[in-house]
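Everything quoted here is computed from the prediction, not taken from an experiment.
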Amino acid sequence: MTGTAGVWRLRPTGLAARIILFLSLALVPIGVVAYFQTTKLAEETRLRSQLSLVALTEAAALGERETILRAQGGAQAIGATLGQSLGDRADCSRRLASYLTASPGYSFAAIMTRDGTIVCNSMAIEMRIEDYPRLAQLVDTPGATAWLNPQGPMSGRSVIVVAQPFFLSGALAGHVLLSVPSTLLPRGQNTEVPADFEELITINENGEILSARDEFAQVEDLLPADLDLQSLIGAKPQSFAARSADGETRVYASAPLVPGMIHALGIWSPQNAEAQAISVGGLAMVAVALPLLMWAASVVVAFLAVNRLVIRHIHRLSRRMRAFALSRRVPDARDGAMPAELADMEDDFLDMADAILRDEALQENALREKTILLKEVHHRVKNNLQLISSIMNMQIRQSRNDETRAILHRLQDRVRSLATIHRNLYQTEDLGHVNAGVLLKDMVAQMSQVANSDTDVSVDAEDIEAVPDQAVPLSLLTAEALTNATKYAGPGADGRIAVRVVLRREPGRRALLEVVNTGDSEAVAQERRFDGEPAGLGSKLMQAFAMQLGGQLEQGPVADGYRVAIRFALEEFIPDPSVPDKVPNVPNF
């Protein structure tokens with residue numbers, strides 16, 4: 001992360017990214033341990049919450065449990081006392097009525113034998129099993145049970161019928177039936193139950209609802225949508241989260257009131273503290289979130305510390321270095337809050353910057369002095385060559401031999417060519433590079449002016465940078481070739497005498513020089529050659545200059561003229577610290 005204008009940018013290879021990586025690797029074992037410990041703790045919390053909700057549900061259903069158990073106990077007492085004297089129905093019915101009078105809380109009592117005959121009842125009325133489907137089911141599947149009768153046939157109100165078997169001589173003799181009015185069961189919220197306790201229902205072994213704290217129509221929407229209530233009978237006490245019929249997620253706690261017969265189901269709001277530990281995904285989120293929070297907090301704290309102590313100072317030092325590299329401006333004083341190690345680094349950088357500035361100043365002065373001296377040397381050499389040319393000119397005027405005068409003229413042209421080269425060298429700003437195109441144009445113009453002949457000389461030279469070691473032999477080669485071309489040129493197809501000098505760049509840092517003159521190519525070739533070998537000092541000089549350029553001299557007749565050409569590679573300037581400047585040598589013969 002880099003602090004440019006308050007924006008942090010994470011670089012994959014940066015110090016911040018590496019710190020985060022190594023810190024993350026160091027925190028992996030701690031995170032794994034924290035994950036398993038958190039998972040274990042969350043599981044223990046979930047189990048405790050389940051047990052707590054089950055206990056609260058059992059406490060809330062205490063009234064319903066006592067009512068059912070009291071009814072079962074009464075039925076067992078009736079079976080034990082009246083089961084032996086079922087022959088006198090009138091006496092049985094009277095005694096049942098007396099029991100109900102002595103035991104308030106029951107609305108009806110009856111005794112049914114194993115074959116389905118209702119022997120007696122508390123109202124002493126005739127009853128047939130065919131009129132009561134529930135009793136017929138009880139004959140088929142005998143055993144202790146209870147069910148809800150919303151409209152009791154005898155009392156005309158909602159009752160819970162408790163059926164308890166009784167035995168004679170160890171064999172099942174029948175069932176005692178007791179009806180408990182639903183209004184006698186606890187109603188409304190129990191003050192000892194938390195406020196987020198929504199509902200409590202009781203169910204029988206068939207999964208049928210026996211009682212509820214609110215109206216049954218409201219209870220239907222609160223029950224689990226995808227759960228068969230009968231599956232809770234016989235199961236262990238448990239708590240679970242499920243989606244109810246109205247689409248809400250609720251927490252349920254089931255507890256047996258009468259094992260195998262009556263079960264209580266408490267419905268809790270998800271806002272309950274105990275219920276939240278059982279909510280779907282809650283444990284996994286806590287187990288994962290805690291190690292992640294630990295990692296994030298550790299990374300943030302470590303990065304802030306490293307950024308404040310190291311990274312921001314490194315960025316500041318880096319910006320200073322870049323500013324010095326671009327503008328050679330020495331940075332201001334260092335920050336006092338910088339750690340000692342980085343402060344020493346910045347002090348070393350400031351000392352290095354001062355040393356670099358001093359060395360560059362010394363080198364610039366030395367280079368300036370060297371350049372001035374070299375230009376003065378070239379200027380003196382050019383003046384001396386011009387003086388020699390003037391002396392030779394005086395000698396030419398005094399000479400009476402035409403051959404001597406011609407030789408001196410050729411020698412004077414060569415001296416003038418050298419003078420032109422040195423004049424260009426002291427006029428250029430960079431003594432390590434010479435514009436060969438400008439040099440050739442200047443030299444050809446000077447030679448054409450001195451020659452004052454009828455030959456039409458044209459120059460097509462590109463701006464090519466050349467080192468002095470190549471510029472000198474290139475100019476001398478051009479001068480010799482131009483002198484020969486002017487000497488042997490003849491009328492071309494259009495009747496004009498023309499000489500063309502071309503210098504152009506070729507691919508691969510190469511260059512081409514060619515000098516072409518018009519005339520009868522065969523005649524020119526015969527005049528220039530003798531027995532197949534180059535003749536004259538000019539040809540020997542051109543061969544020597546071509547060797548210095550590192551190229552192969554090509555000369556021969558072409559259509560309507562003669563051509564001299566050389567292709568050579570352009571060299572890079574490599575300064576020699578032991579020698580101020582190289583002055584190319586002219587070959588001796």
Side-chain angles (χ1 to χ4, degrees), residues 367 370-382 385 413-448 457-485 499-516 538 540-555 563-587:
L367 180 61
K370 174 185 174 182
T371 303
I372 294 174
L373 289 175
L374 288 178
K375 287 188 175 183
E376 184 63 23
V377 169
H378 289 303
H379 193 196
R380 295 290 180 89
V381 172
K382 187 265 298 183
L385 290 175
D413 290 340
R414 296 183 179 108
V415 171
R416 286 174 178 172
S417 298
L418 289 173
T420 301
I421 294 171
H422 284 281
R423 179 167 62 85
N424 280 276
L425 285 175
Y426 82 76
Q427 287 180 348
T428 185
E429 294 295 331
D430 185 5
L431 296 177
H433 297 82
V434 179
N435 192 327
V438 174
L439 179 62
L440 292 187
K441 290 177 182 178
D442 192 5
M443 186 183 64
V444 171
Q446 181 177 348
M447 291 181 63
S448 300
V457 180
S458 62
V459 183
D460 181 13
E462 298 180 2
D463 293 333
I464 298 177
E465 295 291 333
V467 297
D469 286 353
Q470 286 189 313
V472 173
L474 178 65
S475 301
L476 295 177
L477 175 60
T478 304
E480 291 297 331
L482 181 61
T483 301
N484 288 342
V499 176
R500 179 167 56 89
V501 180
V502 177
L503 177 65
R504 66 171 179 267
R505 191 187 307 274
E506 290 190 339
R509 284 193 56 79
R510 298 182 64 82
L512 169 66
L513 169 68
E514 62 178 2
V515 179
V516 182
K540 294 180 180 179
L541 287 175
M542 286 192 294
Q543 290 287 355
F545 295 144
M547 291 177 62
Q548 289 188 1
L549 287 173
Q552 185 66 36
L553 186 65
E554 301 175 4
Q555 52 183 339
R563 173 178 176 269
V564 177
I566 181 174
R567 284 182 171 84
F568 60 96
L570 296 172
E571 297 180 358
E572 293 286 348
F573 175 70
I574 302 177
D576 188 354
S578 62
V579 180
D581 194 8
K582 291 184 179 179
V583 179
N585 296 322
V586 178

**Message:** To check you understand the geometry: which heavy-atom pair defines the closest contact between F545 and L477, and what is its length?
**Reply:** CD1-N, 3.6 Å

Could you tell me if the side chain of [Y] sits less than 4.5 Å from the side chain of [X], heavy atoms only?
X: I566; Y: L549; value: yes
X: L503; Y: I464; value: yes
X: L553; Y: M547; value: no
X: D460; Y: R500; value: no

Distance-only donor-acceptor hits, side chain of residues 507-515, under 3.5 Å, sequence neighbours excluded:
| from | atom 1 | to | atom 2 | distance (Å) |
| --- | --- | --- | --- | --- |
| E514 | OE1 | R563 | NE | 2.8 |
| E514 | OE1 | R563 | NH2 | 3.4 |

From [X] [atom1] over to [Y] [atom2], what is the distance, rounded to the nearest 0.5 angstrom?
X: L373; Y: K375; atom1: CG; atom2: NZ; answer: 12.0 Å
X: Q548; Y: L474; atom1: CD; atom2: CG; answer: 11.5 Å
X: Q555; Y: N484; atom1: CD; atom2: CG; answer: 8.5 Å
X: Q470; Y: E571; atom1: CD; atom2: CD; answer: 4.0 Å

Not counting sequence neighbours, which residues clear side chain to side chain contact (heavy atoms under 4.5 Å, CB included) with [X]? List them please.
X: Q552; result: none
X: V415; result: L385, I388, S389, M392
X: R380; result: E376

Pairs under 3.5 angstrom only: tabulate donor-acceptor contacts from the side chains of residues 435-444 to other protein residues two or more places apart or in another chain.
| from | atom 1 | to | atom 2 | distance (Å) |
| --- | --- | --- | --- | --- |
| N435 | OD1 | G437 | N | 3.2 |
| N435 | OD1 | V438 | N | 3.3 |
| D442 | OD1 | R423 | NH2 | 3.1 |
| D442 | OD2 | R423 | NH1 | 3.3 |
| D442 | OD2 | R423 | NH2 | 2.4 |

**Asked** Got a sec, which pairs hit side-chain hydrogen bond (donor to acceptor under 3.5 Å, both in side chains) with one end in residues 473-482, sequence neighbours left out?
**Response** R410-E480, R414-E480

